[in-house]
Number of protein chains: 2
Amino acid sequence: MSTTRQAGFLIAKINQAAGRIFARMLRERGIDIHPGHGRILFVLWQHGPMPIHDLARRVSLGKSTLTNALDRLEASGDVRRVRSDEDRRSITVELTPKTAETRHVYEDVSRAMNEQFYRDIPDAEIDAFEATLKRILQNLE
Amino acid sequence: MSTTRQAGFLIAKINQAAGRIFARMLRERGIDIHPGHGRILFVLWQHGPMPIHDLARRVSLGKSTLTNALDRLEASGDVRRVRSDEDRRSITVELTPKTAETRHVYEDVSRAMNEQFYRDIPDAEIDAFEATLKRILQNLE
DNA sequence: TAGATTTTGTTCGATATCGAACTATACTGC
DNA sequence: GCAGTATAGTTCGATATCGAACAAAATCTA
């Protein structure tokens, strides 16, 4: 493997920069959501209610991070925790109606973010790029 | 821009997962360096001493984050802060000889990390991928 | 050259993230 | 069924990261 390979470094930089920009955009629109929490809502919007351990896997955050984040999202009225009947250990996380409003703003900002992200990059290159991202993600899981 | 675009989300996930793996690998080899601090050392190894504001730009971390991280790296004897003579506001950060030892381990781990990252992905695809990463980084700066 | 502006770094308070240890519940093999 | 193991979440302590406000030094402008 060549020493010129530096994907981890580049991705970390991009993530820092993109996270700052994304948080600022949301803040300017009156939504005070940290990117990590945004990812949680995003997954729940996409896939519906799910237990915490599934959620942790899908957003790639540690369990204890989820506990903390869900405490906060529950206090602000965005999600609910429901203990499962089949498995009394498991807790299902579901969105409240309140989040339907923020969803539009979140998606607008995501779109704007993507536009900046991919400015002047041809569609074919973007497709290839995202395909590689998915392969890398599989390699890490 | 299609709604199927989700680079930010994928990159955030990859960054979380890769960061955890990277930190664990370093810890197992007796080096207790958080990925963020590792990036700082990496840049200094690559480019030599530089003022804090340049460093912040190159690692894509906020100024106040750098202050904190450098306090820690200075306390552990890895870096030194030297106030510049030409510009009395500016502080140059330089590595101490101590870090020469950790550099080998860090580079070994980076290599191992890259291998896992890019497992089963052809070289041509990797080259294209990293080229796109660089373009995206420019779009965010 | 004096006052305004810009740049550099720090301080401060708030929050996110992690791993290790823990509790409670479920499963498994005998 | 019972002892041992595995799994789901939480708690706890340590650390990273951020933005806003600040202080000090340099630069610009009139």
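Chain letters run A, B, ... following the sequence lines, proteins first and then strands; every chain starts at 1. When reading the values below, keep in mind they use all heavy atoms of this one structure, side chains included, and skip hydrogens, waters and symmetry mates.
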Handout entry: D:dA8 phosphate, OP1 or OP2, under 4.0 Å from A:Arg57 side-chain N/O
Key = no

Problem - Within one Ile-Leu-Val-Met-Phe-Trp-Tyr cluster: B:Met50 and B:Val82, side-chain cutoff 4.5 Å - result: no

Problem - B:Asp127 side, atom CG; B:Ile121 side, atom CD1 - distance, nearest 0.5 Å - result: 12.0 Å

Quiz: residues 60-72 of chain A side-chain donor-acceptor pairs under 3.5 angstrom, not counting sequence neighbours:
residue: A:Ser60; atom: OG; partner: B:Lys13; partner atom: O; Å: 3.4
residue: A:Ser60; atom: OG; partner: B:Arg20; partner atom: NH2; Å: 3.3
residue: A:Thr67; atom: OG1; partner: A:Lys63; partner atom: O; Å: 3.4
residue: A:Asp71; atom: OD1; partner: A:Arg81; partner atom: NH2; Å: 2.2

Handout entry: Interatomic distance, A:Leu73 atom CG to A:Leu41 atom CG [nearest 0.5 angstrom]
Key = 5.5 Å

Practice task
Report yes if a side-chain nitrogen or oxygen of A:Ser90 is closer than 4.0 Å to either non-bridging phosphate oxygen (OP1 or OP2) of D:dG9; otherwise report no.
Solution key: yes

Practice task
Flag the pair A:Phe117 / A:Phe22 as yes when their ring centroid distance falls below 6.0 Å, and as no otherwise.
Solution key: no

Exercise for the section: Assign a letter to each nucleotide of nucleotides 18-29 of chain C from its 5' end: B, base within under 4.0 Å of a protein heavy atom; S, sugar-phosphate only; -, no contact. Expected result: BBB---BBS---

Completion exercise
Overall bend of the helix from C:dT1-D:dA30 to C:dC30-D:dG1 (five pairs an end, 10° steps) is 30°

Practice task
May I ask you to decide whether A:Arg103 forms a salt bridge with A:Glu107, counting only side-chain N to carboxylate O separations under 4.0 Å?
Solution key: yes

Practice task
Only pairs at least two apart or in different chains count here, so list each ring-ring contact (aromatic ring centres under 6.0 Å, His included) that has a residue in residues 122-141 of chain A.
Solution key: A:Phe129-B:Phe129

Exercise for the section: State plainly whether the residues B:Glu28 and B:Arg24 are in salt-bridge range, i.e. N to O under 4.0 Å. Expected result: yes

Problem - Under the side-chain contact (heavy atoms from CB on, under 4.5 Å) test, residues paired with B:Arg57 that sit two or more places apart - result: B:Asp54

Problem - Toward the 5' end of DNA chain D, by each residue's nearest nucleotide, B:Arg72 or A:Asp71 - result: A:Asp71

Fill in the blank from the handout: One should read off an interatomic distance between A:Leu26 CG and A:Ile33 CD1, to the nearest 0.5 angstrom, of 6.5 Å

Problem - For DNA chain C, the residues among residues 33-55 of chain A that have a non-hydrogen atom under 4.0 Å from it - result: A:His34, A:Gly36, A:His37

